[in-house]
Each structure stands twice: as structure tokens, then as C-alpha cells.
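Both counts, for ligands and for their atoms, begin at 1 and track the order of listing. Because the structure is a prediction, the values reported are computed rather than measured. Every heavy atom of this structure was used, including side-chain atoms; hydrogens, water molecules and symmetry mates were not. One is the number of the first residue; the rest follow in order along the sequence.
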Amino acid sequence: MKVSIRPLKVSDALISYRWRNDASVWRYTGSKPTHSIDVNKEIRWIQDVLQRPNEKRFAICIDKGYYVGNVQLTNISNGDAEFHIFIGNINFHGRGIGTQATMLILAFAKDEMGLERVHLYVHPENLSAISVYEKCGFRPESASKNSVLYVKRL
Ligand SMILES: CC(C)(COP(=O)(O)OP(=O)(O)OC[C@H]1O[C@@H](n2cnc3c(N)ncnc32)[C@H](O)[C@@H]1OP(=O)(O)O)[C@@H](O)C(=O)NCCC(=O)NCCS
């Protein structure tokens with residue numbers, strides 16, 4: 001399956017707001033919706049985050065541009081950034097898309113942004129995410145009960 005990433009845009013909210021209301025997507029994520037998200041709320045949220053200077057947010061697309069998830073770098077500073085990913089359409093989990101999207105944003109972080117290090121936090125029971133991160137060269141550096149810090153040096 002051909003996977004690409006492109007800058008997130010406000011109109012993506014028309015699709016992504018539905019994913020916010022699927023609890024299975026957010027089972028292991030650090031931040032998760034605590035109440036129902038409607039399309040206007042999602043639009044306002046994207047408008048807000050796209051203005052943040054220390055973040056780079058992308059849509060994950062397959063085939064002819066079909067939008068299936070988000071991948072982003074936040075807290076960008078001093079050559080380092082924090083990585084986040086979700087495939088919001090769970091029909092597309094387990095097909096290699098997360099791995100390819102992770103490789104693509106890591107290449108962007110290194111080649112286009114000149115970053116030296118990317119880190120992430122993952123729940124220790126999120127085995128598919130951990131599998132993706134280890135395949136992409138992240139290594140565990142420290143752990144607490146509900147969170148493992150993984151780091152990749154670019
Ligand atoms: C985490 C996530 C992005 C992974 O994306 P994906 O497209 O499903 O991942 P891939 O298909 O590229 O790879 C998944 C890997 O996990 C493996 N895997 C899946 N379930 C597993 C399990 N229970 N135990 C061990 N490995 C497992 C798969 O075999 C696959 O590895 P392989 O390609 O070597 O066979 C996706 O599951 C997701 O969006 N989850 C919800 C949001 C989330 O948890 N984000 C991460 C927060 S840190």
C-alpha cells in the first residue's frame with residue numbers, strides 16, 4: 001500500500017472528528033477526548049494547532065490520497081521533537097501504514113528540519129505501537145508504570 005503524508009488542513013476535520021468519538025483509537029494514548037467531539041469543535045482545534053510555531057502536523061494518506069490518520073511532531077526545540085501518531089480509521093490498523101508514516105515523518109524531521117533527535121511516550125501495553133517504533137529505530141530510554149520513553153537519534 002502506498003502511504004504518503006501531507007500537511008494537515010482545516011477541512012480534514014470533516015473526517016477526523018468521527019475518529020475522536022471512537023474510544024478504541026484512544027485506548028492507550030496520553031491525550032484522549034473526554035467528551036463527544038462535533039465537527040465544529042474539531043475545526044476550531046485544527047485552526048488552533050496549525051498556528052503553533054513549534055509543531056508540524058501531517059495527514060496520513062493512502063492510495064489516491066485517502067485520509068486515514070494523523071502524525072505530528074510537537075514541542076520542537078533545540079534539535080528535538082516529540083512524536084505522535086494515530087490511524088483514526090481502525091479498518092486500516094495492522095496494514096503497515098503506521099510504520100511507513102513514521103519513516104516518512106522521521107525523514108522529514110532529519111532532511112527538511114535538521115532535527116537530531118525525536119522522542120515519544122508510549123503505554124507499555126500498546127504492543128502494535130511499540131512494534132512500529134522499534135522497527136523504525138526508536139530505542140527505550142526510561143520507563144514508568146504507564147509510559148515508556150523511546151528515543152531515536154537521527
Ligand atoms: C499504533 C498505530 C499507529 C500502529 O499503526 P499500524 O498501521 O496499525 O501499524 P503497522 O501495521 O505498521 O505495524 C503494526 C505492527 O504491530 C504488530 N502487532 C499488532 N498487534 C500486536 C500485538 N498484540 N503484539 C505484538 N505486535 C503486534 C503487527 O504485527 C505489526 O508488526 P509487523 O509489521 O512486524 O507484523 C495504530 O495501531 C494506531 O493508530 N493506534 C491507535 C492510536 C495509538 O495508540 N497511537 C500511538 C500512541 S503512542
**Message:** If hydrophobic residues (ILVMFWY) are linked whenever their side-chain heavy atoms come closer than 4.5 Å, directly or via other members, who joins F86 in its cluster?
**Reply:** L8, V10, L14, I15, Y17, W19, V25, W26, V39, I43, W45, I46, V49, L50, Y67, I90
**Asked** Are a donor atom and an acceptor atom from the side chains of E82 and Y121 found within less than 3.5 Å of each other?
**Response** no
**Request:** Evaluate the ring planes of F108 and F58, with Trp represented by its six-membered ring, and classify them as parallel (under 30°), tilted (30 to 60°) or perpendicular (over 60°).
**Result:** perpendicular
**Request:** Mind checking side-chain hydrogen bond (donor to acceptor under 3.5 Å, both in side chains) for T29 and listing every partner two or more places apart, or none if nothing turns up?
**Result:** none
**Prompt:** For M103, what residues pass the side chain to side chain contact (heavy atoms under 4.5 Å, CB included) criterion, not counting sequence neighbours?
**Reply:** C136
**Item:** Within the 4.0 Å heavy-atom sphere of ligand 1, strictly under, residues
**Value:** V25, T29, I85, F86, I87, H93, G94, R95, G96, I97, G98, T99, Y121, V122, N126, L127, S128, A129, S131, V132, Y133, K135
**Prompt:** Between I76 and M113, is any pair of side-chain heavy atoms under 4.5 Å apart?
**Reply:** yes
